[in-house]
Visitor: 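Here it is: the structure, laid out below.
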Amino acid sequence: MIQKTRRQIYENRLRKRGMVIAAVSTSIVLAALVFLVPRAPGWPAVQKSFFNAEVFTRTFPKLLDAFWWDIAIFLWSAPLIAILGLIIALCRDTRKPALFPLRIFGAVFVDVFRGVPVILVVYLIGFGIPGLGLMRPWNSPYIWGTVALVLTYSAYVAEVFRAGIDSIHPSQRAAAASLGLSQWDIMRDVVLPQALRRVMPANMNMLIALQKDVALLSFIGPVEIFRQAGVQKSLLANFTPYVGAALIFLVVTIPATRYADYLVAKQRKAQGH
């Protein structure tokens with residue numbers, strides 16, 4: 001039987017104590033919410049407007065149907081964002097004098113699309129491009145809304161990739177070069193495999209944010225979950241559909257968030273932190 005050291009015993013005691021304190025404090029907060037909120041003077045009106053069981057039951061299936069559009073837009077946007085983000089990161093990392101214009105392009109792209117709010121990019125592209133009088137289906141808000149998301153998120157993802165590339169110690173590039181590898185081979189076989197693993201947790205968080213920001217496309221026409229909730233709210237004069245939409249997003253994003261936290265913890269453990 002393995003004997004625990006004094007330090008391990010002390011750390012276990014602290015961990016158990018922290019869990020007890022966390023459980024007690026959480027229970028106090030939940031009890032306060034359960035007993036105090038319903039006693040507020042305006043609670044009956046709030047309950048009727050936001051937590052109406054009849055309205056929830058009536059509208060929830062329609063919200064689920066609309067949510068499939070959110071999933072579809074997310075699924076075709078995410079790979080495009082990853083590809084374009086990696087290309088922009090490689091442009092910014094290029095060190096050959098002849099490719100300096102690519103480096104400038106990458107820097108300008110990142111500065112522009114990180115500096116403009118997502119909703120403005122959605123409006124400018126989602127209304128501006130179809131305003132050119134394009135024929136169907138090229139005037140579809142689904143297409144240009146996706147383009148807006150891809151351009152904006154690619155700028156953020158490119159910086160995440162670039163941080164991962166810069167985290168690889170220069171000695172590894174030098175060692176690979178001494179073996180006769182070209183700059184492209186070094187990037188493909190030495191730098192990128194390590195960099196992509198290191199930035200996986202950060203990119204998971206970007207995917208979670210993207211899943212939520214798909215709802216911004218509702219402002220230019222697509223009837224996804226947020227717009228459907230607004231339609232039902234107008235028809236029934238009740239805000240409960242928005243609560244239903246929020247619950248659907250939580251069911252999707254919370255597991256993804258916990259998985260991102262797991263990846264971060266695993267990475268720290270592997271690095272010995």
Side-chain angles (χ1 to χ4, degrees), residues 45-82 84-85 113-157 204-257 260:
V46 171
Q47 184 180 29
K48 183 178 179 181
S49 297
F50 288 87
F51 304 101
N52 190 307
E54 181 182 352
V55 173
F56 182 86
T57 304
R58 181 176 173 182
T59 60
F60 194 74
K62 296 178 181 179
L63 295 177
L64 282 177
D65 290 340
F67 188 62
W68 286 112
W69 272 115
D70 292 72
I71 295 175
I73 295 171
F74 170 81
L75 289 178
W76 66 55
S77 296
L80 297 175
I81 290 169
L84 182 57
F113 287 103
R114 283 205 311 173
V116 180
V118 182
I119 187 61
L120 279 181
V121 178
V122 169
Y123 271 123
L124 292 174
I125 294 179
F127 286 127
I129 304 299
L132 296 174
L134 300 177
M135 301 295 292
R136 290 180 180 273
W138 301 109
N139 61 351
S140 170
Y142 291 96
I143 293 177
W144 299 112
T146 298
V147 169
L149 289 178
V150 169
L151 291 176
T152 301
Y153 270 86
S154 294
Y156 290 95
V157 170
M204 278 295 300
N205 288 322
M206 295 301 297
L207 287 176
I208 295 167
L210 173 64
Q211 176 65 70
K212 294 182 294 183
D213 280 349
V214 168
L216 295 176
L217 301 192
S218 64
F219 292 110
I220 60 172
V223 183
E224 46 69 70
I225 187 170
F226 180 70
R227 190 175 183 88
Q228 182 63 253
V231 170
Q232 296 301 316
K233 173 258 178 185
S234 300
L235 290 174
L236 303 174
N238 193 282
F239 291 95
T240 302
Y242 285 127
V243 177
L247 290 176
I248 292 173
F249 275 113
L250 287 175
V251 168
V252 173
T253 58
I254 288 179
T257 303

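Not measured: the values here are computed from a predicted model.
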Visitor: According to side chain to side chain donor-acceptor pair (under 3.5 Å), does anything in residues 217-232 pair up with another residue at least two apart or in another chain? List the pairs.
Guide: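 The answer is Gln228-Gln232.
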Visitor: Only pairs at least two apart or in different chains count here, so list each ring pair (Phe, Tyr, Trp, His ring centres under 6.0 Å) that has a residue in residues 115-144.
Guide: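 Pairs touching residues 115-144 that pass the test: Trp69-Tyr142, Tyr123-Phe127.
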Visitor: Hey, can you pull the donor-acceptor pairs under 3.5 Å for the side chains in residues 70-77, sequence neighbours left out?
Guide:
{"from": "Asp70", "atom 1": "OD1", "to": "Ile225", "atom 2": "N", "distance (Å)": "3.0"}
{"from": "Trp76", "atom 1": "NE1", "to": "Thr146", "atom 2": "OG1", "distance (Å)": "2.8"}
{"from": "Ser77", "atom 1": "OG", "to": "Ile73", "atom 2": "O", "distance (Å)": "2.7"}

Visitor: Step by step, would you call Arg58 with Leu236 a side chain to side chain contact (heavy atoms under 4.5 Å, CB included)?
Guide: CA-CA 10 Å; Arg58 181 176 173 182; Leu236 303 174; 3.5 Å; yes
Visitor: With sequence neighbours left out, what residues match Tyr156 under ring pair (Phe, Tyr, Trp, His ring centres under 6.0 Å)?
Guide: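 Tyr156: no ring pair (Phe, Tyr, Trp, His ring centres under 6.0 Å) contacts found.
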Visitor: Let me confirm one number: the CG-CZ distance from Leu63 to Phe249, rounded to the nearest 0.5 Å.
Guide: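 So the CG of Leu63 and the CZ of Phe249 are separated by 10.0 Å.
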Visitor: Identify the heavy atoms of Ala78 and Leu207 that sit nearest to each other, and give their distance.
Guide: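 Ala78 and Leu207 have their closest heavy atoms at CB-CD2, 3.9 Å.
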Visitor: Please test Phe50 against Tyr242 for side chain to side chain contact (heavy atoms under 4.5 Å, CB included), starting from the C-alpha separation and ending with a verdict.
Guide: CA-CA 8 Å; Phe50 288 87; Tyr242 285 127; over 6 Å; no
Visitor: Kindly say whether Asn52 contributes a backbone atom to a donor-acceptor pair with the side chain of Thr240 at under 3.5 angstrom?
Guide: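 Between the backbone of Asn52 and the side chain of Thr240 there is a qualifying donor-acceptor contact (under 3.5 Å).
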Visitor: State, with a plain yes or no, whether a side-chain heavy atom of Pro241 is found less than 4.5 Å away from one of Val55.
Guide: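 Answer yes - side chains close enough.
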Visitor: If you measure from CD1 on Ile125 to OG1 on Thr152, what distance do you get to the nearest 0.5 Å?
Guide: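 Ile125 atom CD1 to Thr152 atom OG1 measures 6.5 Å (nearest 0.5 Å).
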Visitor: Can you name the nearest heavy-atom pair linking Phe56 to Leu247, along with the distance?
Guide: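 That would be CE1-CD1, 3.9 Å.
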Visitor: Out of curiosity, Leu217 CG to Phe226 CZ, how far, rounded to the nearest 0.5 Å?
Guide: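 If I round to the nearest 0.5 Å, the distance is 12.0 Å.
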Visitor: Within the 4.5 Å heavy-atom criterion, are Leu151 and Leu84 side-chain neighbours or not?
Guide: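 Yes, at least one pair of side-chain atoms sits under 4.5 Å.
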Visitor: For the atom pair CG (Leu235) and NZ (Lys62), what is the distance rounded to the nearest 0.5 Å?
Guide: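 These two atoms lie 7.5 Å from each other.
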Visitor: Provide the closest heavy-atom pair for Lys48 versus Asn238 in the form atom of the first, atom of the second, distance.
Guide: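 Shortest heavy-atom contact: O-ND2, 2.7 Å.
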Visitor: So, taking the atom named CG in Asp213 and the one named CG in Leu149, what distance separates them when rounded to the nearest 0.5 Å?
Guide: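 It is 7.0 Å, given to the nearest 0.5 Å.
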Visitor: Return the set of residues passing side chain to side chain contact (heavy atoms under 4.5 Å, CB included) with Asn205 (not counting sequence neighbours), or none when no residue passes.
Guide: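 So Asn205 forms a side chain to side chain contact (heavy atoms under 4.5 Å, CB included) with Ile208, Ala260.
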Visitor: If the condition is side chain to side chain contact (heavy atoms under 4.5 Å, CB included), which residues does Pro117 pass it with, not counting sequence neighbours?
Guide: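 Pro117 satisfies side chain to side chain contact (heavy atoms under 4.5 Å, CB included) with Ile119, Leu120 once adjacent residues are dropped.
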